[in-house]
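Since the structure comes first, as C-alpha cells, the remarks are kept for the end.
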Amino acid sequence: MIPTGFRALPLPLAQLSLAAVLQCGQSFRWYIYPLLSNAPTSGISVPTHEYRLCLRDRVVCLRQSSDTLFYRSVFPGATPSSRSLSEREAETLAWIKGYFQLDVDLADLYDQWAERDPVFERNCSQRFSGIRMLRQDPFENLISFICSSNNNIARITKMVKALCQHYSPRLATLATPTSSDSIAVTETYHPFPPPSVLAAPDVPAALRMLGFGYRAEFIHKTAKMLVEAHGFGKPDEGGLEPAEKWLHALRGVSTSEAREELLKLMGVGRKVADCILLMSLDKREVIPVDTHVHQIAMKYYGVGGSSKGKTAMSPKLYDEVSSKLTAIWGDYAGWAHSVLFTSDLKSFASYGLPSPSPSPSVRTKKTRHSKAAVELVTPPATQTPPVAKRKRKATVIEEAESVVITETSKDASALPVVDEGLSMADRVKRRRRIRTSSVVSVR
DNA sequence: CGGTTACCGCCG
DNA sequence: GGCGGTAACC
C-alpha cells in the first residue's frame, strides 16, 4: 500500500536505512516526523517516520518500509506550471538516486569490509545495515561542518536550521504529516543560503545572536573568501553561484589537491576538510579523524597510541590513524568508517535495533549521542525555537522563486593552479598569507 | 615545527 | 569540566 501522493521505489533496508543515515551526523538539515502508529498490519512493515529536506525549488518528502522507499516532492506556488507532475517527480527520483548514491551496492561493500576486517564483521555487518554515505551539496556541507567543532549533533542541527530560517527566503509552508485538519501544525521550509548571502557584512553579529559563538566569524570569513575569489555574480542557468560551482568542481581533482583548497578556508582544519572531501566531494577513501574515531581506532585496532593516555591529536597522529584505517578498509574506507562510527552510537536503540555490548569507556560517549538522536526525532512543533525564529501563521504553501536543481555539474575545469610538494607547514603559512591579504583587500 | 591555549554555548 | 576542532601563539 502506497501512502497518498507518494511514489514507490523498491529498495531493501540493507541498501539504505533512512533512520540511521539521516541522523548519524552527515546532514543536519532533514526534518523528521514520527507518523501516527496505525494498527499493527499483519506481516507487512509500514513507515514509522516521514523525512523532509528543502531543496532550492522543492521540498522532498520520504518514507520507508522494509522493502520500499516512498517519495514525493512539494513545490511552492498553487498550480504546477510548465512541466508536468510526472516530469518533476522524475527529477526528484533522479535527485534521490544521486543524493543517496544508489548506484553503489552497499551489500557488496559490507561483504568486502567483513572479509577484510574481523572487527567490522563482528560488530557491524549484521546489526547495522543500510548505512551509506550521502552525496551532499558542498557549500552546505562546508558551512555545516564549520559549525561542528566543539559541538554535538543536536546543537549543530539547531544552528544549521536557524541559519537557513534566517538567511534564506521561505520556500514553502507545509502541514506536518501528522497534523489533523482541526489542529493545523505547520513548518516553514527554507533552502540553504548561497555564499553571497553569508558574505554580507552584518552576518557575524547576526550569527552571534543566533548562538553560533566563535563559529560566526569563521562562516562569514569563509563565505567572503569564496565570494571574493570566485565572484558573487548571481546563479548561472543551474542556479549555482560561481563559488558553489568552484566547490563542485573539486569533485574532479585529486584528494590532496581538493584538501589543500579547503584548508585555505577559515574554520576549516584537517578534520573538517576531510569530512567535506568524503561527504560531498566524492573522496570515498578519506577517513576524518575526530576524538571519537581516535577512540575506536585505539580500542579496536590498536592504532594511534594506547587507549589509556589521552594524547593530543597532532597532525602526525592524525595521518597515522587515518591512513592505517584507510589501509584496512580499502577504496571505500570512508564509507566503512561511517558504519563503524554510527554503530558506536547507541541512538538506534529507539528504532528497535539490538545494541552491541560495549565497554564502559565507549558507553559514556554513546549516552551523549543517544540524547542527541532523541532530540532529533522530537516533532519540531514541540522544540524550543531558535532565538530569532519567528512563529508563523498556519498558512499553507506560499509561492517563491523556483529554480531548477542541478546535482550534475561534474566537470573539473577552471580550477586554480595548486602547488605540489609543499609541506604541511608551507601550506599553513600560505593559508595565513591568503587569509591576511583577503582581509586587507576587503577595503 | 610540535606543543599549548583561548574560544561560544550548552549540557551533565 | 568537557565537547565529533581550529587559529593563534610560543
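Chain identifiers are assigned alphabetically (A, B, ...) following the order of the sequence lines, protein sequences preceding nucleic acid strands; residue numbering begins at 1 within each chain.
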Mind checking if A/V272 touches a base, just sugar-phosphate, or nothing, with heavy atoms under 4.0 Å?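 The residue A/V272 makes sugar-phosphate contact but no base contact.
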
Does A/F212 reach a base, just sugar-phosphate, or nothing at all? Heavy atoms under 4.0 Å.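 Touches nothing.
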
Closest to the A/R208 side chain, choosing from B/dG3, B/dC8, C/dG5: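 Closest nucleotide to the A/R208 side chain: B/dC8.
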
Given B/dG3, B/dC8, C/dA7, identify the nucleotide with an atom nearest to the side chain of A/Y214.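 Nearest nucleotide to the side chain: B/dC8.
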
Can you work out whether A/F28 or A/F218 has the more 5'-proximal nearest nucleotide on DNA chain C?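 Counting from the 5' end, the first nearest nucleotide belongs to A/F28.
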
Between [atom2] on [N] and [atom1] on [X], what's the gap in Å once rounded to a whole number?
X: A/K158; N: C/dC3; atom1: NZ; atom2: P; value: 20 Å
X: A/I156; N: C/dG5; atom1: CD1; atom2: P; value: 9 Å
X: A/N150; N: C/dG1; atom1: CG; atom2: P; value: 16 Å
X: A/K271; N: C/dA7; atom1: NZ; atom2: P; value: 13 Å
X: A/L317; N: C/dG5; atom1: CG; atom2: P; value: 14 Å
X: A/N151; N: B/dC10; atom1: CG; atom2: C1'; value: 9 Å
X: A/L207; N: B/dG9; atom1: CG; atom2: P; value: 12 Å
X: A/H294; N: C/dC3; atom1: NE2; atom2: P; value: 13 Å

Does the side chain of A/T291 get closer than 4.0 angstrom to OP1 or OP2 of C/dC3 through an N or O atom?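 It does not, given that no N or O in the side chain of A/T291 lies less than 4.0 Å from OP1 or OP2 of C/dC3.
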
With [X] as the cation and [Y] as the aromatic partner, state whether NZ or CZ is under 6.0 Å from the six-membered ring centre and within 45° of the axis.
X: A/R132; Y: A/F100; value: no
X: A/K161; Y: A/Y31; value: yes
X: A/R284; Y: A/Y332; value: yes

Between B/dC8 and A/R215, counting only base atoms on the nucleotide and side-chain atoms on the residue, is there a donor-acceptor pair under 3.5 Å?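 Between B/dC8 and A/R215, which were checked side chain against base, a qualifying N/O pair under 3.5 Å is present.
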
Ignoring hydrogens and angles, answer whether the base of B/dC8 and the side-chain atoms of A/R155 contain a donor-acceptor pair closer than 3.5 Å.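 Flag set: donor-acceptor pair detected.
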
Does A/E115 have any side-chain contact (heavy atoms from CB on, under 4.5 Å) partners at least two apart in sequence or in another chain, and if so, which?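 So A/E115 forms no side-chain contact (heavy atoms from CB on, under 4.5 Å) with any residue.
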
Between the main-chain N or O of A/R63 and the side-chain N or O of A/E50, is there a donor-acceptor pair closer than 3.5 Å?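 No; judged by distance alone, with no hydrogens or angles, the pair does not exist.
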
When you compare B/dC1 with C/dG5, how far apart are their P atoms, in angstrom units rounded to a whole number?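 About 26 Å, rounded to a whole number of Å.
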
With rounding to whole Å, what would you report as the distance between C/dC9 and B/dC8 at their P atoms?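 So the two P atoms sit 15 Å from each other.
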
In the strands shown, is C/dA8 matched to any nucleotide by a Watson-Crick or G-U wobble pair with both distances under 3.5 Å, and which?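 Result: B/dT4.
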
